[in-house]
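Just so we're on the same page: letters track the sequence lines, and every chain starts at 1.
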There are 2 protein chains.
Amino acid sequence: MGRKKSFNTDDVLSQIGQIFIKKGYNGTSLDDIVECTGLLRGSLYATFGSKQGMFISALKLSLERSNNQLKWGLLIVAMLEVTSRNKKVYDIVQAWYVEHQNEKIAEKIGLELLKHSGLIE
Amino acid sequence: MGRKKSFNTDDVLSQIGQIFIKKGYNGTSLDDIVECTGLLRGSLYATFGSKQGMFISALKLSLERSNNQLKWGLLIVAMLEVTSRNKKVYDIVQAWYVEHQNEKIAEKIGLELLKHSGLIE
DNA sequence: TATTTATTTGACTAAACGGTCAAGTAAATA
DNA sequence: TATTTACTTGACCGTTTAGTCAAATAAATA
């Protein structure tokens, strides 16, 4: 009952993830998110609660889906800007790290950051 | 001739570098820099010109000095938040990268980001 | 069809943002 | 000592920030 959502949450989270990767967590404004999703602030806050909620939802989805493009981008943004200030994000990233510790994870992270910076590829 | 600076520029840049590492580039406000250096906005702007100027000066000094603690922290902040929006910073980081390409630099960067995030050490 | 319930809309807010500048102060020169 | 020059001070500015909310709208139920 009640009105139906006019958007697909997963598609929106993909757009939100992309803008967080492009501009960083603190570098992304609500206006940026409004612009890239086409939704208005009220809908975004009704769905995700806060900017941190938007980041957490995008990060979780990218890890569940193993969407590599979003996953690596959001992980390095989280590690640099969010992890140290948000326990929930720290726990998510830590759980992921524990699960992937055995692989050459440090080198992979470094390569992703080099890509992100535009220094390689 | 004229009044002398009341502070040591290199010491101040070390303090500025530390706050940029702790809070990230976009996460660091001018008030943060005022607080951590003990200087006022006017002195900071008279010396460094802009927030970007403060970051560039701190980054350059850390690379010249090979101050590892600052160097790695500022490099990863630069790569994630600044490089893609500031040509000057991109060029500085690129010059550093070209010079260190032969070492296992990706792994080193990854380890530094893992440290920064609090996941290791 | 009337009622209920959930979503959408966008104007609004208080706080924080990067940056400016005229006035005040101190050091060096003449 | 008087003058010049550079640095310091902090109030101030317009803009942007994350977040709110009452009214409007649409879908489902009764």
Starting at CZ of A:Phe48 and ending at P of C:dT8, how long is that distance when rounded to a whole Å? 10 Å
B:Gln52 CD to C:dC17 P, straight-line distance once rounded to whole Å: 17 Å
A:Tyr45 has its side chain closest, among C:dG18, D:dG19, C:dT7, to D:dG19
Short side-chain N/O contact from B:Ser6 to OP1 or OP2 of D:dC7, under 4.0 Å: no
Got A:Phe48 and A:Ile56 here, is their nearest side-chain heavy-atom distance under 4.5 Å? no
Under 30°, 30 to 60°, or over 60°: which ring-plane class applies to A:Phe20 and A:Tyr25, parallel, tilted or perpendicular? parallel
Of C:dG18, D:dT8, D:dA27, the nucleotide closest to the side chain of B:Phe7 is D:dT8
A:Ile33 has an atom CD1; how far is it from atom P of D:dT17, in whole Å? 11 Å
A:Leu30 has an atom CG; how far is it from atom P of D:dT17, in whole Å? 9 Å
Whole angstrom value for the distance that separates P of C:dT9 from CG of A:Leu44: 11 Å
Any side-chain donor paired with an acceptor under 3.5 Å for A:Asp11 and A:Ser14? no
Result for 5'-nearest mapping on DNA chain C, choosing between B:Gly2 and B:Ser43, is B:Ser43
Spacing between A:Asp31 atom CG and C:dT9 atom P, to the nearest angstrom: 16 Å
Between C:dT8, D:dG19, C:dT20, which nucleotide has the shortest distance from any of its atoms to the side chain of B:Arg41? C:dT20
Take atom CD of B:Glu35 and atom P of D:dG10, then tell me their distance rounded to the nearest Å. 16 Å
Do other residues, nucleotides or ligands put more than 12 heavy atoms under 6.0 Å from the CD atom of A:Glu35? no
Heavy atoms from C-beta onward define the side chain here; which of C:dT20, D:dC7, D:dT25 lies closest to that of A:Arg3? D:dT25
Side-chain N or O of B:Lys4 less than 4.0 angstrom from OP1 or OP2 on C:dA28? yes
The nucleotide from C:dT9, D:dC7, C:dT8 with an atom nearest the side chain of A:Ala46 is C:dT8
Just wondering, do B:Leu75 and B:Leu63 contact through their side chains at under 4.5 Å, heavy atoms? yes
Which whole-number value in Å describes the distance from B:Lys51 NZ to D:dT16 P? 15 Å
